Amino acid sequence: MKPARTRFAPSPTGFLHVGGVRTALFAWLVARQTGGQFILRIEDTDRAREVKGAETHIIDSLRALGLDYDEGPDLPGDYGPYRQTERLDTYKTWAQTLLDAGRAYADPYSPEEVQSFREQAQKAKKPFLYRDHRPEQQPAWDGKRPLRFKSEPKAYDWQDAVMGKLHAGAEAIDDFILIKSDGFPTYNFAHVVDDHEMAITHVIRGQEFIASVPNYLNLHEALGFTPPVFATMPHILNEQGNKKLSKRDGAKDVLDYLKDGYLVEALINFIASLGWNDGTTQEIFSREELIERFSLDHVQRSGARFDERRLEWMDGHWIRTLDNDTVYSRCGGFWPESAKDAPEDYKKQVLDITRERLKYLAELPQQTDFFFVDLPVDPKLIDNHKQLKKMDNQELKAMLEQAKASLEQSDFSPIDLSKRLNQLLEQTGQKPAVLFSLIRIATTQAPASPGLADTLAVLGKERSLKRLHTQLDALK
RNA sequence: GGCCCCUUCGUCUAGUGGUCCAGGAUAUCUGGUUCUCAUCCAGAAGAUCGCGGGUUCGAAUCCCGCAGGGGUCACCA
């Protein structure tokens, strides 16, 4: 496949949610797979909707996800600038070309007049077409009025890399606005010019644009441009499955998933699998595998629901699969407060025996706190235990004393600990459910922990024995 | 309302005329793994392939119609 130039072209109106990220990811994959370029272009022509800081936020998100771009507003390339508001001259030039060719005209109507045309159409239950009102005499374009495209309506058949063969009749084509009265171009005009000027080969975008493609095709002809490959993504639906995922509807900022401790590997894998598969039953894909296997024609045509439980499973999978040091490197701020002064080596050991029960890193504090701080004795742990609650304190103490005596002799290596724990089972004649539960409760004071021998080994001799003492005192 | 797109277990999906009275994953339930919570393993349950016609020896797969859902018809992208 020839090197593709793809782009992600968000408007700086807020954060990125999974829908936007998926579009960016697929565009990025196509570029990386073909050895081409991935471009970030900021579509900031609607000044009213622009949100301060959004561009930076979007860039941070792409960086955090590892979707590196080759050219962008902060990464100049041969086709810049990469912000539309900095490209106004380009749009003017092409607008003039259209004007000269008689393919653009100034809109003589007031917004109110256009609105009344629209309402007429609505009342008549017909689609609104501005060209039904195309004026005979157009005033000269003074830059204060909207500039409209003089379309040449006709039917189009085209190929979409995802949707396949697509068709639309002439009624889909209208005299849309090229340049607004504020002098800024519309998306419809600007993106066509930019994609051409930036030599974009694949336009990958959401389904909401599919109805406008005939207009874009018509504009391409008027400008003498060769259209790029179009690839239309299905929507990602909300959890209820009744509407497309949107910020208003509670869609989360992808950066928030990272902040909750979801691994990028999992996030990328999950988002890719929402609407794409490689035709096999494989579910887990690394970034490298995605680059290798991704293909637009395997992208689903129907919308997919965003199911957070599936993301949790996938994240747990990646936490378990990646090597300990890699996972450790992501744990930074997720450790409990109590771990603040703990040595790195100790935290790595804790992570190693804990991570198989993590769904995401934000669970770290609740699952590891007892490794770093001596929690107060919690009588409920025994009182609520099915078997331990039936035993009196003397019995419990006797058991703990025996355990203590043996553990005092141990070097606290996992092997020796396992051996001694087994011996204790024989000595006491107790079942693991009783003996191990008691030792576990005494040494952790936590409702859940990793396996007993591992836990003791990591806690170490001094701390483990101290906690046994504390529990013994509490049983008096 | 016009135009366009979509429709397989709760969810994500495999499937492009026969090996599919539909496979995998997840979620749920059950059992097992020396304690807990997980993991892991085994198993169960779960889809009349949106509905109705047709073509064919044979259809989830092809054709037609219908229904439902979504998108669009902005000086938003």
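Remember, it's a predicted structure, so these values are computed and weren't measured experimentally. Each chain gets a letter, A, B and so on, in the order its sequence line appears, and its residues count up from 1.
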- Message: Tell me which residues in residues 146-165 of chain A lie within less than 4.0 Å of RNA chain B, going by non-hydrogen atoms.
- Response: P146(A), R148(A), M163(A)
- Could you run down nucleotides 18-25 of chain B 5' to 3' and tag each one B, S or - for protein heavy-atom contact under 4.0 Å? ------BB
- The side-chain hydrogen bond (donor to acceptor under 3.5 Å, both in side chains) partners of S338(A) (sequence neighbours excluded) come to D369(A)
Applying ring-ring contact (aromatic ring centres under 6.0 Å, His included), can you list everything that pairs with [X], at least two apart in sequence or on another chain?
X       : answer
H133(A) : F117(A)
F8(A)   : none
Y216(A) : H191(A)
W276(A) : F285(A), F294(A)

Between the protein and nucleotides 62-72 of chain B, which nitrogen or oxygen pairs come in under 3.5 angstrom?
unit_1, atom_1, unit_2, atom_2, d
G70(B), OP1, N242(A), O, 3.3

- Message: For D107(A), is there an ion pair with R148(A) - N to carboxylate O distance below 4.0 angstrom?
- Response: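 Yes, charged N to carboxylate O under 4.0 Å.
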Can you give me the N/O atom pairs linking the protein to nucleotides 44-51 of chain B at distances under 3.5 Å, or say none if there are none?
none

- Message: With a 4.0 Å limit, can you tell me whether R118(A) has a side-chain N or O closer than that to the phosphate oxygens OP1/OP2 of C73(B)?
- Response: no
- Task: Respond yes when some side-chain nitrogen or oxygen of N277(A) is under 4.0 Å from OP1 or OP2 of A14(B), and no when none is.
- Result: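 It does, given that an N or O in the side chain of N277(A) lies less than 4.0 Å from OP1 or OP2 of A14(B).
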For residues 374-384 of chain A, run the donor-acceptor check on the side chains, cut-off 3.5 Å, and write out each pair with its distance to 0.1 Å, sequence neighbours left out.
unit_1, atom_1, unit_2, atom_2, d
D374(A), OD1, R467(A), NE, 2.8
D374(A), OD1, R467(A), NH2, 3.0
D374(A), OD2, K466(A), NZ, 2.6
D378(A), OD1, K380(A), N, 3.1
N384(A), ND2, K380(A), O, 3.4

- Message: Both R309(A) and P447(A) contact RNA chain B. Taking the nearest nucleotide for each, which residue is further toward the 5' end?
- Response: R309(A)
- Message: If I pick the C1' atom on A59(B) and the same atom on C76(B), what distance separates them, to the nearest angstrom?
- Response: 45 Å
For nucleotides 31-35 of chain B, which of its nitrogen or oxygen atoms have a protein nitrogen or oxygen under 3.5 Å away, and what is each distance?
unit_1, atom_1, unit_2, atom_2, d
U34(B), N3, N422(A), OD1, 2.5
U34(B), O4, N422(A), OD1, 2.4
U34(B), O4, N422(A), ND2, 2.4
C35(B), O4', P432(A), O, 3.1
C35(B), O2', S437(A), OG, 2.4
C35(B), O2, R440(A), NE, 3.1
C35(B), N4, L452(A), N, 2.5

- Query: salt bridge (Lys or Arg N to Asp or Glu O under 4.0 Å) with E292(A): which residues, sequence neighbours excluded?
  - Reply: none
